[in-house]
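Notes follow the structure.
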Amino acid sequence: MPVRSGTQLSRKLGQKKQRRTSEAEQHQSPPGASQTPPPKEPRLDLPMTLGPQRSIYFSNRPARLGLEFFDQPPVSLAQAFLGQVLVRQLDDGTELRGRIVETEAYLGPEDEAAHSRGGRQTPRNRSMFMKPGTLYVYLIYGMYFCMNVSSQGDGACVLLRALEPLEGLETMRQLRSTYRRASTGRALKDRDLCSGPSKLCQALAIDKSFDQRDLTKDKAMWLEHGPPQPREPAVVAAARVGIGSAGEWAQKPLRFYIQGSPWVSVIDRAAERDAQV
DNA sequence: ACGCAGATGTCCT
DNA sequence: GGACATCTGCGTT
C-alpha cells in the first residue's frame, strides 16, 4: 500500500554482503526446536481457482513473501509491511498470526538513530548488513527484545512495532503473562498483546535465537500477504519512538502506522493533523 | 488520562 | 560507567 511512489522493480541485487551458506543452514532450525517436522495440515480440497498469492501445491494458504518483497529501500519496505501478516509457528505446530500495523525505518550509516550509524558493524548488529529479509533481533534494557527485518541498503532495516492479533490470541496472552509479575492476575486486554516492539516479541515467542534468520526461508516464522481490505488504509508518517538523543534524525517522519487502527502502540495526533491538509 | 521509577544485560566510550 | 529503537505498576490529576 504505497503512500508514496517508491522504486519498484528496477533494483539490483547483491548490495549486501553474502551470507555464508553454513550460517544460513545453522539458523534454519532453532536450538531446542523439535526435530520432527510439525504435523501436516489436514488434506484440503484444492480450490477450483488458484489466485496468484496462493501456492499451487497442496495448500490453500497464502504463500510466504520472498526476497523480491524485502529487497526494497527501508522507507518503502516499512510502508509495504503495513497490512501484511506475520506468522509464527511454535514448536508444537501452533500458528500465531498478526497483521502488521506499525513499523519504523532505519536508514543505515547516515541515520544517527540506527545501530548501524556511521557504518558501525558489531557482532550484535551484523544482521543489519545481511541480505534483505534477514531478522535483526536484539536485547534492549536488559530484558526485552526488538525485531527488525533487514531491507535493501547496507545497514538499513525496518523495526516491527505493533500487530493486530488475528490468530492464537490465547497463546499470545499466555506467552505475554509469563514475563509479567504474577502479582496482578488480571488477564491482558487484546490491545496489550502486540502493541509495542517488545510486546510483540513476547507474544510471538521471539528471542535472540531468531537473530540472523531468513524470513524468506525460516520454518518457524514467515510473512504472508494480508487479506484484501475494502479500502486502502490511510498511512500516517510520524517521528520514531524512543530515540530522543539522535538529534535531527529523531524528528524525521520514519515511523509509519495505519491511521485509526486501535492496535498501534503510540498515536501521534499532531502528525495526523498535519497530514490531512 | 498521564508521569515516573525501577527492572536488568549488553554494547560501546 | 552510561546509554539503551521498553514495559509495568503505582502514584497523582
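Values below: every heavy atom of this structure, side chains too, minus hydrogens, waters and symmetry copies. Proteins come first, then strands; the chains are lettered A, B, ... in the order of their sequence lines, and each starts at number 1.
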**Study point:** side-chain contact (heavy atoms from CB on, under 4.5 Å), paired with A:L159, selected from A:E104, A:R240, A:R255
**Key:**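 With A:L159 as partner, A:E104, A:R240, A:R255 yield a single side-chain contact (heavy atoms from CB on, under 4.5 Å), made by A:E104.
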
Exercise for review: Scan A:L223, A:L200, A:V85 and name whichever one has a side-chain contact (heavy atoms from CB on, under 4.5 Å) with A:I100.
Suggested key: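 That would be A:L223; it is the only one of A:L223, A:L200, A:V85 passing the side-chain contact (heavy atoms from CB on, under 4.5 Å) with A:I100.
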
Review point. Is any side-chain N of the basic residue among A:R173 and A:D190 closer than 4.0 Å to the acidic one's carboxylate O?
Key: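 A:D190 and A:R173: salt-bridged.
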
Nucleotide [N], atom [atom2] - distance to [atom1] of [X] in whole Å:
X      : N     : atom1 : atom2 : value
A:R176 : C:dC7 : CZ    : P     : 8 Å
A:E112 : C:dA5 : CD    : C1'   : 14 Å
A:D207 : C:dT6 : CG    : C1'   : 17 Å
A:E102 : C:dT6 : CD    : P     : 10 Å
A:L200 : C:dC7 : CG    : C1'   : 13 Å
A:L188 : C:dG9 : CG    : P     : 8 Å
A:K199 : C:dC7 : NZ    : C1'   : 7 Å
A:R240 : C:dT6 : CZ    : C1'   : 17 Å

Check your understanding: Where is the tightest heavy-atom contact between A:R161 and A:S265, given as atom of each residue plus distance?
Key ->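 Minimum heavy-atom separation between A:R161 and A:S265: NH2-OG, 3.1 Å.
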
Check your understanding: Looking only at side chains, do A:D211 and A:S127 share a donor and an acceptor under 3.5 Å apart?
Key ->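 On atom types as modelled, these side chains qualify, holding a pair under 3.5 Å.
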
Exercise for review: Go through the side-chain N and O atoms of A:S261 and A:E164 and say whether any donor and acceptor fall under 3.5 Å apart.
Suggested key: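 Distance-only check fails for A:S261 and A:E164.
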
Practice item. Report the stems of DNA chain C as range-with-range entries sorted by first number; a stem here is at least three consecutive pairs, Watson-Crick or G-U wobble, both distances under 3.5 Å, and write none if there are none. Key: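 Consecutive-pair runs (3 or more) involving DNA chain C: B:1-7 with C:6-12, B:9-12 with C:1-4.
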
Point to revise | Annotated protein contacts, base or backbone, on nucleotides 4-13 of chain B with a non-hydrogen cut-off under 4.0 Å, one of B, S, - each | key: ---BBBSSSS

Review point. In this structure, which one of A:R99, A:R64, A:Q84, A:R97 forms a side chain to side chain donor-acceptor pair (under 3.5 Å) with A:E224?
Key: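 The residue from A:R99, A:R64, A:Q84, A:R97 that satisfies side chain to side chain donor-acceptor pair (under 3.5 Å) with A:E224 turns out to be A:R97.
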
Exercise for review: Begin from the C-alpha positions of A:V75 and A:L254 and carry the test side chain to side chain contact (heavy atoms under 4.5 Å, CB included) through to its verdict.
Suggested key: CA-CA 7 Å; A:V75 169; A:L254 292 173; 3.8 Å; yes

**Study point:** Results of ring-ring contact (aromatic ring centres under 6.0 Å, His included) for A:Y257 - residues two or more places apart only
**Key:**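 Scan of A:Y257 (ring-ring contact (aromatic ring centres under 6.0 Å, His included), adjacent residues dropped) gives none.
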
